[in-house]
Peer 1: 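Take this structure first; my questions come after.
Hydrogens, waters and symmetry mates play no part in the numbers below; they use all other heavy atoms, side chains included.
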Amino acid sequence: MQTKLTAVELIKRFQRLFTDLNHKQIAERLVKLVMAKPAVSRVALIIERDRRLFVESIGRVGAHSQPEIDTLATALHKLKGFPHNQIDRVFKEGHAIALDHSAIIRIGHDIVPKGVRSAYLYPIFEHDRPIAAFYLESRDDLPALETSIHELDTVWAFSGLLARQIIEMWRHDEQSERYRLAEQALWASETYLHAILHHSPALISVKDLDGNVVLASEHYKQLQNVDEQGFVGKNVFDVYPKEIAQALWDIDLATKNKQQTFETELELMHKDGSLHTYLMVKFPLRNPKGDVFGVCTICTDISERKLAENALREQQSRLNYMAFHDSLTALPNRSLFYDRIYHGLARAQRSNSKLALMLLDIDRFKNINDSLGHDSGDLLLKAIAMRLNEGVRDMDTVARLGGDEFVVVLEGVNDMEDVVFIANKLLVTLARPLEIAGHEITTTVSIGVSVYPDDGIDTDELLKNADIAMYKAKEAGKNNCQFYTKGMSATAVNYLLLENDLRRAVEQNQLILHYQPQVDLRTGELMGIEALVRWQHPERGLVSPAHFIPLAEETGLISPIGEWVLREACRQQKAWLDSGKQVGRMAVNLSPRQFRQRNFPEKVVTILRDTGLPAECLELEITESCAMEHAGETINQLKQLNQMGLFLAIDDFGTGYSSLAYLKRFPIQKLKIDSSFIHDIQSDPNDAAIAKSIIGLAHNMQLAVVAEGVEKPAQADWLCDEGCDQGQGFLFSKPLTARQFEGRFVGKHFSFDGNVVKLNALA
């Protein structure tokens, strides 16, 4: 018979059993002692820590009836397979709970594992309060389990002390872990701060309440007045010029006194002599009580951003100027003219005065262009513009509407004799000889005048009637001025006849297409062609589009003409592709009225289907002014066309008013620089700057660039050097008929005239 151990012997045995164990090992050893009883199939030690229950260790019968012990230290609510309600009750009430087989069934096998026939919850007390509990399960009935529990009296007796030891060890470990984490966080903070102060490209400093710098970044050493010792230990008066230092000190004081953040810009000189702009932010530093103990300053170098903003502002200013001024003569363009006459008409209405509109057209201007070239024509237009400005009052408006057509708006007209006087003065002034391209040229103008409110109450009506009077002046022999009268109908009749002829031109196939090549400026290869419409009138001969396109726009005939051009261009392109000729893309310019048609994308689909031309072989062009008018609708229309696979381009870029916010949303692939910027690109720095800006803008937006109106090899050289992709103009080829174009092919490849300088030789 086993001798019962004395209390002293028991204490010594348990001391030996639990000496030098950590809290996890103590929990495992206690569970292992309980698992020594054969009736116990599973046991868990549950300890209350910080008012939460944790399962410290679990023992179960494993393979070959050997006990398996797991240390968890996991919150009870995260574990399944335990009767949570009964466990909570034990800790609240402090009573043991015995669960027989019927109680186990009521709890359910989704909580208590299958095969368990009884369970027991035994609380462990400290000062009459449960601090731990053993949960035991058995595959035997409850009496067998209760017998084992009575045999574990010694374990229960020491479990209270050991449970307290487990709790204290856990708290000690948690405190150690918190200390370790705090120490690690402090080390990380110091490391981060050191890295920031040594490697940040910003000026960062902290000053105490007396203005002394206690912490500063290495970037301060780049400033002109900061030596290699750095900024620490100094104040603003030691480093900055007196005026700047005083301003910074005042901001420091305001930051401390008002306890708010201040932000300003500051220019500082670097040791290398460069002046940098910094965005300076100052804010107060507070201790845990909320008291200010210092001021932090962070200065970010924004020099490059400021340069970019200034460049963008200058470019926007140039674009704004270009949007409202004629690029050749610097006179107000049509847009600005409409704005000024709108306000002029409003003033005339308020003051009950008259306003005169004078429309001027240069006589025989086409002859000058044809005989002396476009450069001479441009010089003449500039001279005319200068003389017009000199011949009117400062309050009057002189504008160029386009081509060789100018308009003068005279406000505050009280006597028609004043208008006659100014008109005669302009006729005399403009008739003085000019030196153009080594030739003395005398040119004249025809002037038509309409008067508000007698001849119209809005701009369009006044323009129309002045135009009728101007044609009357031309019919009267040119170089004279005519005032509009209601009896003037000859010009209107002529317009009506021309309109009727134009209607028949579409029906009787009098329209033809010419094709002008677009050339790769680096390789000289043909990249594409632009279709240009001409009118072969049976009596008037070949009519330039400059004469009939505006009439077509005005009368609405532009829609059927534009549709014919698009269909014919697609048909011809398909024929060339089928014959093996490599012509690149076919570019077709769209009129605003044609582009604005709601069903235009459907018409394009129909034409491509009828002609069999692949969409990727067609390029559609709209002018910049057309694109920016109703930009939202333009984006939707362009997206539909882009989704069809078409190539899209903005024509005459630089002559309109582009919003970059809209331009970046246009699904386009190409920008075409207007020819007005190409004529003087080598001699006019403004034209050169604009062309460079457009090329840079296009390439930054991943767009191709085409320069129109290239007439000289030097222009092509300049454009090629600046990165322009393609060129189009008389240097490469004039517009050709389909037969002439086909005649330039050698096999499948297009060949330029022998008298044209090859581009690869220019590079």
Peer 1: For Lys581, I'd like to know if atom NZ has over 12 heavy atoms of other residues, nucleotides or ligands within 6.0 Å.
Peer 2: yes
Peer 1: Evaluate the side-chain proximity of Phe337 to Thr459: yes if any heavy-atom separation is below 4.5 Å, no if none is.
Peer 2: yes
Peer 1: Under a 4.5 Å cut-off applied to non-hydrogen side-chain atoms, are Leu328 and Ser676 in contact?
Peer 2: no
Peer 1: Enter the distance from Glu742:CD to Thr737:OG1 here, rounded to the nearest 0.5 Å.
Peer 2: 8.5 Å
Peer 1: Would you say Gln715's side chain and Ile678's backbone share a donor-acceptor pair under 3.5 angstrom?
Peer 2: yes
Peer 1: Pairing donors with acceptors under 3.5 angstrom, does anything connect the side chains of Asp455 and Asn465?
Peer 2: no
Peer 1: Applying ring pair (Phe, Tyr, Trp, His ring centres under 6.0 Å), name anything that partners Trp718, two or more places apart in sequence or on another chain.
Peer 2: none
Peer 1: Would you check if Arg334 and Val407 make a side-chain contact, meaning some heavy-atom pair closer than 4.5 Å?
Peer 2: no
Peer 1: Report the distance from atom CD of Glu722 to atom CD1 of Ile681, rounding to the nearest 0.5 Å.
Peer 2: 8.0 Å
Peer 1: Give a yes or no on whether the backbone of Ala323 and the side-chain of Asn333 come within a donor-acceptor separation of less than 3.5 Å.
Peer 2: yes
Peer 1: Test your reading of the model: is there a side-chain donor-acceptor pair from Arg585 to the backbone of Met527, 3.5 Å cut-off?
Peer 2: no
Peer 1: Any donor-acceptor pair under 3.5 Å linking the side chain of Ser317 with the backbone of Arg313?
Peer 2: no
Peer 1: Roughly how far, to the nearest 0.5 Å, is the CE atom of Met470 from the CD atom of Glu405?
Peer 2: 5.0 Å
Peer 1: Quick check for you: to the nearest 0.5 Å, what is the distance between Glu616 atom CD and Leu613 atom CG?
Peer 2: 8.0 Å
Peer 1: So which heavy atom on Pro685 is nearest to which on Ser683, and how close?
Peer 2: CD-O, 3.3 Å
Peer 1: Decide yes or no for Leu502 and Ile561: does some side-chain heavy atom of the first lie under 4.5 Å from some side-chain heavy atom of the second?
Peer 2: yes
Peer 1: Would you check if Leu638 and Ile622 make a side-chain contact, meaning some heavy-atom pair closer than 4.5 Å?
Peer 2: yes
Peer 1: List the residues meeting side-chain contact (heavy atoms from CB on, under 4.5 Å) with Asp460, not counting sequence neighbours, and say none if there are none.
Peer 2: Tyr338, Asp458
Peer 1: Where do Leu731 and Val519 land on the side chain to side chain contact (heavy atoms under 4.5 Å, CB included) test, with the steps shown first?
Peer 2: CA-CA 10 Å; Leu731 173 65; Val519 181; over 6 Å; no
Peer 1: Main chain of Leu462, side chain of Ser450: is a donor-acceptor contact present, judged purely on distance under 3.5 Å?
Peer 2: yes
Peer 1: Drop me the distance from Gln726's CD to Asp520's CG, to the nearest 0.5 angstrom.
Peer 2: 6.5 Å
Peer 1: Between atom CG of Asp680 and atom CG of Asp687, what is the distance when rounded to the nearest 0.5 Å?
Peer 2: 5.5 Å
Peer 1: Test side chain to side chain contact (heavy atoms under 4.5 Å, CB included) on Val445 and Phe365 and set out the steps.
Peer 2: CA-CA 9 Å; Val445 297; Phe365 180 71; over 6 Å; no
Peer 1: What are the two closest heavy atoms between Gly709 and His679, and how far apart are they?
Peer 2: O-CD2, 4.3 Å
Peer 1: What closest approach, in Å, do Lys478 and Asp363 show between heavy atoms, and which atom pair accounts for it?
Peer 2: CB-OD2, 3.2 Å
Peer 1: Is the count of non-hydrogen atoms from other residues, nucleotides or ligands lying under 6.0 Å from Ile512 atom CD1 greater than 12?
Peer 2: yes
Peer 1: Are any of the side-chain heavy atoms of Leu381 and Asp378 separated by less than 4.5 Å?
Peer 2: yes
Peer 1: Return yes if a side-chain donor-acceptor contact under 3.5 Å exists between Gln728 and Gln518, otherwise no.
Peer 2: yes
Peer 1: Any sub-3.5 Å donor-acceptor pair from Arg609's side-chain atoms to Gly612's backbone N or O?
Peer 2: no
Peer 1: After noting the C-alpha distance and the side-chain angles of Val705 and Leu719, does the key distance pass the side chain to side chain contact (heavy atoms under 4.5 Å, CB included) rule?
Peer 2: CA-CA 10 Å; Val705 193; Leu719 291 165; over 6 Å; no
Peer 1: If you compare all heavy atoms of Gln597 against all heavy atoms of Ser559, which two are closest, and at what distance to 0.1 Å?
Peer 2: NE2-OG, 3.3 Å
Peer 1: Step by step, would you call Asp467 with Lys464 a salt bridge (charged side-chain N to carboxylate O under 4.0 Å, His left out)?
Peer 2: CA-CA 5 Å; Asp467 192 45; Lys464 182 186 71 173; over 6 Å; no
Peer 1: Could you tell me whether a side-chain N or O of Gln582 sits under 3.5 Å from a main-chain N or O of His749, the two making a donor and an acceptor?
Peer 2: no
Peer 1: Would you find a donor on one side and an acceptor on the other, under 3.5 Å apart, between the side chain of Gln573 and the backbone of Gly584?
Peer 2: yes
Peer 1: Using a 6.0 Å cut-off, check whether atom CD of Glu461 has over 12 heavy atoms from anything other than its own residue.
Peer 2: yes
Peer 1: Do any pairs count as a ring-ring contact (aromatic ring centres under 6.0 Å, His included) and have a residue in residues 563-591, sequence neighbours left out, and if so which ones?
Peer 2: Tyr515-Trp576, Trp576-Phe741
Peer 1: Ion pair present between Lys672 and Glu619, side-chain N to carboxylate O less than 4.0 angstrom?
Peer 2: no
Peer 1: Checking the side chain of Asn700 only, and the main-chain atoms of Gly696 only, is there a donor and an acceptor separated by less than 3.5 Å?
Peer 2: yes
Peer 1: Please report the closest heavy-atom contact between Leu331 and Ala385, naming both atoms and the distance.
Peer 2: CD1-CB, 3.5 Å
Peer 1: Begin from the C-alpha positions of Val408 and Ile447 and carry the test side chain to side chain contact (heavy atoms under 4.5 Å, CB included) through to its verdict.
Peer 2: CA-CA 10 Å; Val408 177; Ile447 303 176; over 6 Å; no
Peer 1: Would you find a donor on one side and an acceptor on the other, under 3.5 Å apart, between the side chain of Gln482 and the backbone of Ser446?
Peer 2: no
Peer 1: Among Gln572, Glu568, Arg534, whose side-chain contact (heavy atoms from CB on, under 4.5 Å) with Leu513 holds?
Peer 2: Glu568
Peer 1: State, yes or no, whether a side-chain contact exists between Gln637 and Pro601 at a heavy-atom distance under 4.5 Å.
Peer 2: yes
Peer 1: Taking NZ in Lys712 as the centre, count heavy atoms belonging to other residues, nucleotides or ligands within less than 6.0 Å. Is the count above 12?
Peer 2: no
Peer 1: Side chains of Thr397 and Ile341: closer than 4.5 Å at any heavy-atom pair?
Peer 2: no
Peer 1: Quick one: closest heavy-atom pair of Leu736 and Gln740, and the distance?
Peer 2: CA-OE1, 3.5 Å
